[in-house]
Amino acid sequence: MEKKWWHSSVVYQIYPRSFQDSNGDGVGDIQGIIQRLDYLADLGIDAIWLSPVYQSPNDDNGYDISDYQAISSEFGTMDDMEELINEANKLNIRIVMDLVVNHTSDEHAWFIESSKSKDNDYRDYYIWRDAQNNDVPNELKSIFSGSAWELDEQTNQYYLHLYSKKQPDLNWENPKVRNEIWEMMNFWLDKGIGGFRMDVIDLIGKVPDELITGNGPMLHTYLQEMHQETFGKLDVLTVGETWGVTTEDAKLYSASERNELSMVFQFEHISLDEQPGKPKWDTQPLDFIKLKQVFTKWQLALDGDGWNSLFWNNHDIPRIVSSWGNDSPQYRRVSAKMFATFLHFLKGTPYIYQGEEIGLTNTPISSIDEANDIESLNMYKERLNEGYNKKDIIQSINKKGRDNARRPIPWDDSLNGGFTTGTPWLALNPNYKELNVKEDRQNKESIFNYYKELIRLRKEHDLIVWGSYKELLPNDPQLFVYERSYQDETWLIIINFYEKATIYKNQDQKVDTIIISNYSDSGKNLEQLSLRPFESVVYKLD
Ligand code: NOJ
């Protein structure tokens, strides 16, 4: 496999609304990010995945774009954006833009034209269908609740929206649409960006009349065309968001000879607390053995053929230290470091979501007035109508709601955590006085410093990037144990996933050194090794 920069990189995701406000309007912005580049350079990351900063009416916080070639005035100007790309590049940090091309905003000029009349030149940029028996064209559902079809009264046809009704789906079957997108991507590539994160890219090959949404028959043909028409000759990172992907699909996307993407995000591990076939709100307890099986399956399946992305968190997923870990004052730090150790020694490209590097926690709400996210608000209405009680709905939102990850970053313990001098668009987690960047970096148990060390290790050791993977003790109910080997070196990673203490035994392994641990005094005797709550250690074996 040809070695690329992104194989050995760590990517940091910025959700710009919540990162750093520079002008006191309560919304994070591009100048705010520029102010914090030194912080990111210190952490050691190689690229920033920047969630959308384009012009948008913000029905879905920027994932509804009304102009792909303009910056939202809340975030700044095109000059600010160019400054960010250049300043980041000076620090060897590449900017990976969010590419949201499954849908646009209904306020995009294309959709405004498209909805004017059935014979408008832009009509076929979107997916329009006649009513069926005075009702919606078919039973496709929106991921944000309700039917995926919305009636346009003026032309008396329905348009498809797999997300909110302000996010009409583009018609990828139309070559004009594809060409517009290639042109727009090239506009950004010419500015020197480091690649694209592609929003729900698995949906672009949909065949709505056959109820096919993900993984449609033309999907890979479109991606190969994209590769050829846009970034194919450039050294960039491309990562597709693909919810229902299997390991076989992932190879189609990411094997280098296929000329599609660098890698995909798969969500099999993170969806294990959801009941198969049910909405994400209907959770079930995490099955740890399955979690290990999923990781091992992906590690082995993409070895040498394709590439894994590695993540616990993003702007759609609650904070892992709260959902599957322990965010109590006693264990938050070791628990957060346990998740980091678990992931950062696997083969693939790790992604850190803003605030993860200081162990930020979820923010439970007690009433729907405290929620902002359209997904939670729509689900609340839908479930109230279906007869659920409010308390249960709020409980689901606290478990799976996206606002958990979207609260502004607390930089210090001053008013609004130094995020803004104005009124934050979404309240900070009330724990920000104790839990903020400044406090963490000063603490001798700093999570930030731990992440920094993980990133440094990846830069220094080819074993982490290229070594083979072998899982041990697959049936152990609380330990995740794996080895990575490269040339004649083997590292052993032992993760105690739970608070309960336990013992690891292996007569054949001898320790050379401890590479990293979330306790300062981890044992070295693998014949009989005691592990404390969440204790996670990486050994170089003798
Ligand atoms: C996935 C994005 O991550 C999410 O935030 C967004 O709501 C949907 N795609 C729709 O664009």
Side-chain angles (χ1 to χ4, degrees), residues 11-19 28 48-68 72 96-108 111 126-127 140-146 148 150 159-170 172 181 196-206 213-215 238-245 261 263-267 270-271 274 279-281 309 311-319 351-354 356 371-379 397 400-407 425-426:
V11 183
Y12 185 91
Q13 184 194 350
I14 291 186
Y15 194 68
R17 296 190 86 65
S18 300
F19 193 61
I48 293 170
W49 152 20
L50 185 62
S51 277
V53 288
Y54 315 93
Q55 187 180 297
S56 162
N58 283 322
D59 190 51
D60 186 20
N61 283 354
Y63 283 90
D64 48 319
I65 296 169
S66 54
D67 186 344
Y68 291 104
S72 149
V96 173
M97 299 288 280
D98 215 311
L99 184 78
V100 188
V101 288
N102 173 66
H103 45 267
T104 67
S105 161
D106 65 341
E107 298 182 32
H108 194 290
F111 190 76
Y126 295 87
I127 300 169
L140 276 179
K141 291 273 171 282
S142 154
I143 291 146
F144 290 163
S145 304
E150 180 72 11
Y159 64 87
L160 181 75
H161 61 91
L162 292 178
Y163 290 87
S164 96
K165 61 183 179 202
K166 285 184 67 62
Q167 292 169 297
D169 280 52
L170 281 164
W172 275 72
I181 291 170
F196 291 108
R197 173 269 184 185
M198 302 183 185
D199 193 67
V200 289
I201 204 69
D202 55 333
L203 301 182
I204 61 174
K206 66 184 76 74
T213 53
N215 224 7
T238 50
V239 51
E241 186 198 23
T242 55
W243 277 83
V245 73
L261 307 180
M263 64 190 103
V264 292
F265 291 126
Q266 59 82 13
F267 295 83
I270 216 70
S271 309
E274 296 165 18
K280 76 173 194 180
W281 311 105
S309 62
F311 67 96
W312 291 118
N313 296 285
N314 69 27
H315 64 293
D316 295 328
I317 302 173
R319 300 274 179 191
Y351 289 73
I352 300 170
Y353 176 64
Q354 64 184 34
E356 174 183 336
N372 172 279
D373 175 30
I374 181 166
E375 184 185 55
S376 298
L377 298 175
N378 285 0
M379 175 286 252
I397 292 177
K400 295 294 273 190
R402 305 192 299 181
D403 289 331
N404 279 311
R406 298 179 176 186
R407 304 264 160 195
W425 71 277
L426 179 68

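One-based numbering, in listed order, for ligands and for the atoms of each.
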What does the list of residues with a heavy atom under 4.0 Å from ligand 1 look like, ordered by chain and number?
->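 Contacts of ligand 1 under 4.0 Å: Asp60, Tyr63, His103, Phe144, Tyr163, Arg197, Asp199, Val200, Glu241, His315, Asp316, Arg402, Arg406.
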
Do His108 and Tyr68 have ring centres separated by under 6.0 Å?
->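 Yes, ring centres under 6.0 Å apart.
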
Are Tyr126 and Phe111 close enough that their ring centers fall under 6.0 Å?
->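 Between Phe111 and Tyr126, which both carry aromatic rings, the centre distance is below 6.0 Å.
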
Does the side chain of Tyr63 come under 3.5 Å of the side chain of Ser51 through a donor N or O and an acceptor N or O?
->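 A donor-acceptor contact under 3.5 Å links the two side chains.
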
Side-chain donor-acceptor pair under 3.5 Å between Tyr159 and Asp106, yes or no?
->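 No, no side-chain donor-acceptor contact under 3.5 Å.
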
Taking only residues two or more places apart in sequence or in another chain, which ones pass side chain to side chain donor-acceptor pair (under 3.5 Å) with Ser72?
->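 Counting only residues at least two positions away or on another chain, Ser72 forms no side chain to side chain donor-acceptor pair (under 3.5 Å).
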
Applying the ring-ring contact (aromatic ring centres under 6.0 Å, His included) test to Tyr351, which of Phe311, Tyr12, Phe265 qualifies?
->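 Answer to the ring-ring contact (aromatic ring centres under 6.0 Å, His included) test with Tyr351 among Phe311, Tyr12, Phe265: Phe265.
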
